[in-house]
Amino acid sequence: MLQTLLSLPPVTQFFLTVNVLVGAYTLLANPALIDRWAFKPYRVIRENEWSRWLTAGFVHVGFAHLLFNMVTLYFFGPYVEAAVGSGRFLAIYVGSELAANALTYLKHRDQPQYSAVGASGAISGVLFSFCLFEPFAMLGVMFIIPMPAIVFAVLYVVLSVYASKREVGRVAHEAHLGGALGGVVLTLLLYPSALGIFLRQLGVG
């Protein structure tokens, strides 16, 4: 397992390692840090707590939450990093997390009790970036249901928008949507060839 981790591209390896270490530490040894690092839209500007825009992406509400995000990063991060290069991948990952938090901020900025944690925004950006390169790759949704990446992406956006409007559950669906949009936009801006690759696979280019 260690050998496999060390063989990953550097940025993917870094975020996997840091997320797991920080996630395990906060969940097992210092749970108070989760609240201290959470993204709280009401406070970030009023209290000048700007660091929350980034720190929230390294803490999770539970091990299942952490595991799901890291498994997704493990499978899709190396491909995207190899395709665009480590520098661009770093920008896509961080930029997607910021885009996710920006959408969360717009929706919840007047709610003092609201907070959000997790790398889901960044991971959504990585997943949607992958879809630009391999729209017809078969994904095992929930590790069971086979589905082309582009179909999954469309359903993901539709369901996230619907859930965000209806406020279904306690998941920050708007963060998933913001991260997905950030991943697509940043990939196209930083690696314009991705558009041609995507269109050719659709039979358009």
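Cluster annotation: Val11 is not connected to Leu189 through the hydrophobic network of ILVMFWY side chains, with a link wherever side-chain heavy atoms come within less than 4.5 Å. Neither Val185 nor Leu190 shares a network with the other; the hydrophobic side chains, linked directly or stepwise wherever heavy atoms of I, L, V, M, F, W or Y lie under 4.5 Å apart, form separate groups for each. Grouping the Ile, Leu, Val, Met, Phe, Trp and Tyr side chains by contacts below 4.5 angstrom, directly or via other members, places Leu21 apart from Phe14. Cluster annotation: Val18 and Phe63 are assigned to the same hydrophobic cluster (Ile/Leu/Val/Met/Phe/Trp/Tyr, side-chain heavy-atom contacts under 4.5 Å, transitive). Using a 4.5 Å cut-off between side-chain heavy atoms of Ile, Leu, Val, Met, Phe, Trp and Tyr, with links allowed through other members, Tyr114 and Tyr42 fall into different hydrophobic clusters.
Atoms CG and CG, from Asn19 and Leu67 in turn, are 12.0 Å apart once rounded to the nearest 0.5 Å. Taking CZ of Phe68 as the reference point, atom OG of Ser120 lies at 8.0 Å (rounded to 0.5 Å). Annotation: the span from Ile123 atom CD1 to Tyr74 atom OH amounts to 14.5 Å, rounded to 0.5 Å. Separation of atoms OG (Ser96) and CG (Asn101) is listed at 11.0 Å; rounding is to 0.5 Å. Here the CG-CE distance, from Leu16 to Met70, works out to 6.0 Å after rounding to the nearest 0.5 Å. Atom CG of Leu188 is separated from atom CD1 of Ile92 by 9.0 Å, given to the nearest 0.5 angstrom.
Two residues are said to be in side-chain contact when any heavy atoms from C-beta on lie closer than 4.5 Å; Leu103 and Leu177 meet this criterion. A heavy-atom distance below 4.5 Å is not found between the side chains of Phe58 and Val117.
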Original post:
Taking it one step at a time, do Phe76 and Thr72 satisfy side-chain contact (heavy atoms from CB on, under 4.5 Å)?
Top reply: CA-CA 6 Å; Phe76 296 104; Thr72 306; 3.7 Å; yes
**OP:** Assess whether side-chain contact (heavy atoms from CB on, under 4.5 Å) is satisfied between Val61 and Leu27, documenting all intermediate values.
**Re:** CA-CA 8 Å; Val61 295; Leu27 288 168; over 6 Å; no
Subject >> Worked verdict on Tyr93 versus Phe15 for ring-ring contact (aromatic ring centres under 6.0 Å, His included) >> reply: CA-CA 9 Å; Tyr93 185 99; Phe15 282 114; 3.9 Å; yes
Subject >> Pair Leu98-Leu54, side-chain contact (heavy atoms from CB on, under 4.5 Å): steps then yes or no >> reply: CA-CA 7 Å; Leu98 294 176; Leu54 291 175; 3.9 Å; yes
Subject >> Evaluation steps, side-chain contact (heavy atoms from CB on, under 4.5 Å), between Cys131 and Ile150 >> reply: CA-CA 6 Å; Cys131 289; Ile150 191 169; 5.7 Å; no
Original post:
Is there a side-chain hydrogen bond (donor to acceptor under 3.5 Å, both in side chains) between Glu134 and Tyr79 once you walk through the steps?
Top reply: CA-CA 10 Å; Glu134 296 287 348; Tyr79 181 99; 2.8 Å; yes
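Here the side chain of Asn30 pairs no donor or acceptor atom with the backbone of Thr26 at under 3.5 angstrom. Side-chain N or O atoms of Thr55 include one that pairs as donor or acceptor with a backbone N or O of Trp37 at under 3.5 Å. In this structure, Thr12 contributes its side chain and Leu8 its backbone to no donor-acceptor pair below 3.5 Å. Judged by distance alone, with hydrogens and angles left aside, the side-chain atoms of Ser129 form no donor-acceptor pair with the main-chain N or O of Gly183 at under 3.5 Å. Listed for the His176 side chain is no donor-acceptor partner under 3.5 Å among the backbone atoms of Ser124.
Annotation: salt bridge (charged side-chain N to carboxylate O under 4.0 Å, His left out) contacts involving residues 21-37, sequence neighbours excluded, comprise Asp35-Lys40. Contacts classified as salt bridge (charged side-chain N to carboxylate O under 4.0 Å, His left out) and involving residues 81-100 (residues at least two apart or in different chains) are not found.
With sequence neighbours excluded, no residue satisfies salt bridge (charged side-chain N to carboxylate O under 4.0 Å, His left out) with Arg109. A search for ring pair (Phe, Tyr, Trp, His ring centres under 6.0 Å) contacts involving Phe198 returns nothing, not counting sequence neighbours. Remark: Arg46 pairs with Asp110 by the salt bridge (charged side-chain N to carboxylate O under 4.0 Å, His left out) rule, at least two apart or across chains. Residues passing the ring pair (Phe, Tyr, Trp, His ring centres under 6.0 Å) test with Phe133 are Tyr191, sequence neighbours excluded.
Between Gly121 and Ala100, the shortest heavy-atom contact is CA-CB, 3.5 Å. Closest of all the heavy-atom pairs between Gln111 and Lys107 is NE2-O, 3.7 Å. Between Gly57 and Ala119 the shortest heavy-atom distance is O-CB, 3.4 Å. Shortest non-hydrogen contact noted between Pro41 and Val44 is O-CG2, 3.3 Å. A pairwise comparison of heavy atoms in Gly182 and Ala99 identifies CA-CB, 4.0 Å as the closest pair.
For Phe39 and Trp53, the distance between ring centers is under 6.0 angstrom.
Annotation: Gln113, atom CD; neighbour count of heavy atoms from other residues, nucleotides and ligands within 6.0 Å does not exceed 12.
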